[in-house]
Amino acid sequence: MEKVKMSLLKMNRTDSRPDLKFRAWNCLMYGIFKLSQIYLTKGRKEWKKKKKTMVTGYGLDYPRYGSTLASRGSGYVLRKGTGGRSSVSGIIATVFGATGFLGRYLVQQLAKMGSQVLVPFRGSEDSPRHLKLMGDLGQIVPMKYNPRDENSIKAAMAKANVVINLIGREYETRNYSFEEVNHHMAEQLALIAKEHGGIMRFVQVSCLGASSTSPSRLLRAKAAAEEAILRELPESTIMRPSTMIGTEDRILNRWAHFAKNYSFLPLIGDGSTRIQPVYVVDVAAAIVAALKDDGSSMGKIYELGGPEVFTIRELAELMYDTIREYPHYVKVPFSIAEILASPREIFLKKVPFPLPTPNIFNLDEIHVLRQDTLVSENALTFSDLDIAPHKLRGYPVEYLAAYRKGGPQFGSTISEKVSPDAYP
């Protein structure tokens, strides 16, 4: 436009003839210049207004892009999306014990449906690292906390509307007893959740066989925790899973490792104790199903056992069959097993250093093996949550292929061998 203006001024200076035609042309060009200037000025104003709208359109005040997460636990938030990992399920769950065995599978299923998961941890910063990959960006939130510091527990629950307690330990340490880990911590979480006022669901993961008359200190502590939680929060949901099987389990992995190192497996008693092992993924699915129902699971206790009942010997045979080794057993009577496991319990708090973690001979687990651990006849089970649990033979125990001495394809299992009668 500046060039057009300069050309017009130059033409006026060099040509001053009183030609009517030339003056009309000059006025036309000047009018076009003014109109274009007005148009550009208006366009700049509209662009600035549009730009301002674009900048503020992604802020908190814009209804489409504003955060739908609750600033504190005041119930379920608005659900958005198709139900996938990038959706908003309405659940903001604080999962205590999420860095453990069951925790990784539960966090994965919660994150898969678009939930925000707060992960309190007390160890290294690397403890919850593997969990952050399971959800969308910012949906898995690790939070450092101290289980003996009430303020840190309140901070972990501050923005949640669901609390799930997975904290548990099958052996004692110098710092944490059975009663503190399995009873007092759970009771403290229930008290803080009650004071919170915005916790809609509280789920406690206990153990199958929990009873105040059990010979096991672990099961007695779990039973006391259930009683304390239901006293403070009667609408809580209690899950009692049986022995859980999975890639990081503490039964088949221990057996396979012991059998590979020592070429035999000790059977506590005669191996006739019956248990009902369950696939860990099914337990996580049961917890999620309870959270997604219409509230029918509130205030109820579910016993989660697998579809098959195994004796200890039969489960060991499944392990041997999967790792493709010939089974070798040594039967250890209960009295001898208790003697072998007692020194750790005697010297646990008398020596100034930590003792090794019990492997096969855990005194409390030996007490549990003195009686069968099965789902009660009239108990609520997987079927009441519309879940069909997996059988162990097949995919749930395929991780044991890592223990085959010649690689995953080494040898053959009994079921893969062909009988000579099959040939013509």
Side-chain angles (χ1 to χ4, degrees), residues 100-102 104-105 108 130 170 208 241-285 304-334 336-337 340-341 356-362 365-366 368-369 372-374 388-424:
F101 175 35
L102 173 60
R104 66 179 64 205
Y105 296 95
Q108 191 271 340
H130 60 285
E170 71 275 13
L208 186 63
S242 181
T243 302
M244 290 184 287
I245 303 297
T247 306
E248 304 86 8
D249 69 34
R250 301 185 184 96
I251 179 169
L252 295 185
N253 276 305
R254 287 179 178 176
W255 288 359
H257 191 266
F258 192 96
K260 294 295 291 184
N261 286 341
Y262 303 103
S263 300
F264 73 94
L265 182 67
L267 289 180
I268 308 299
D270 58 355
S272 61
T273 305
R274 295 186 302 162
I275 60 175
Q276 205 166 341
V278 61
Y279 188 32
V280 63
V281 175
D282 295 331
V283 178
L304 307 178
E308 299 172 301
V309 176
F310 291 84
T311 63
I312 296 297
R313 187 186 183 96
E314 290 172 347
L315 191 60
E317 288 176 354
L318 175 62
M319 181 273 295
Y320 270 115
D321 192 41
T322 307
I323 68 173
R324 297 174 179 175
E325 295 278 352
Y326 190 81
H328 296 278
Y329 303 111
V330 174
K331 294 182 180 179
V332 182
F334 284 109
I336 302 299
L340 293 174
T357 301
N359 192 3
I360 299 295
F361 296 101
N362 184 342
E365 290 181 354
I366 294 171
V368 174
L369 290 176
D372 297 339
T373 306
L374 303 175
H390 292 77
K391 293 184 177 181
L392 291 190
R393 288 181 174 85
Y395 178 75
V397 294
E398 277 188 358
Y399 62 92
L400 292 175
Y403 293 96
R404 295 172 185 168
K405 63 181 179 181
Q409 304 302 323
F410 174 79
S412 61
T413 60
I414 296 174
S415 60
E416 293 171 341
K417 293 179 179 179
V418 180
S419 173
D421 298 334
Y423 292 96

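Source: prediction; values computed, not measured. Computed over heavy atoms, backbone and side chain alike; hydrogens, waters and symmetry mates excluded.
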Please round to the nearest 0.5 Å and tell me the distance separating atom [atom1] of [X] and atom [atom2] of [Y].
| X | Y | atom1 | atom2 | answer |
| --- | --- | --- | --- | --- |
| L267 | W255 | CG | CH2 | 7.5 Å |
| E248 | R104 | CD | CZ | 4.0 Å |
| Y395 | L392 | OH | CG | 13.5 Å |
| D372 | I275 | CG | CD1 | 10.0 Å |
| Q276 | T243 | CD | OG1 | 10.0 Å |
| T373 | R274 | OG1 | CZ | 10.5 Å |

Exercise. Please test L265 against M319 for side chain to side chain contact (heavy atoms under 4.5 Å, CB included), starting from the C-alpha separation and ending with a verdict.
Key: CA-CA 11 Å; L265 182 67; M319 181 273 295; 4.0 Å; yes
Exercise. Assess whether atom NZ of K260 is packed by more than 12 heavy atoms of other residues, nucleotides or ligands within 6.0 Å.
Key: yes
Self-check item: Heavy-atom neighbours of H257 NE2 exceed 12 at 6.0 Å
Solution: no
Hey, is the main chain of [Y] close enough, under 3.5 Å, to the side chain of [X] for a donor-acceptor pair?
| X | Y | answer |
| --- | --- | --- |
| D249 | M244 | no |
| R404 | T322 | yes |
| D321 | L318 | no |
| S242 | L208 | no |
| Y279 | G306 | no |
| T247 | Y399 | no |

Closest contact, heavy atoms only, [X] versus [Y]:
| X | Y | value |
| --- | --- | --- |
| A341 | I366 | CB-CD1, 3.9 Å |
| A256 | L400 | CB-CD2, 4.2 Å |
| P396 | K391 | CG-O, 3.3 Å |
| V309 | E314 | O-OE1, 4.0 Å |
| I360 | P266 | CG2-CG, 3.8 Å |
| V332 | A337 | CG1-N, 3.8 Å |

Quiz item: Should E317 and F310 be marked as a side chain to side chain contact (heavy atoms under 4.5 Å, CB included) after you check the CA-CA gap, both sets of side-chain angles, and the distance that decides it?
Solution: CA-CA 10 Å; E317 288 176 354; F310 291 84; over 6 Å; no
Quiz prompt | Y329/Y320 aromatic ring centres below 6.0 Å | solution = yes
Under 4.5 Å between any side-chain heavy atoms of [X] and [Y], yes or no?
| X | Y | answer |
| --- | --- | --- |
| L369 | F334 | yes |
| I251 | L315 | yes |
| I245 | L252 | yes |
| F101 | R250 | yes |

Quiz item: In terms of ring plane angle, is the pair Y262 and F258 parallel, tilted or perpendicular, where the classes change at 30° and 60°?
Solution: tilted
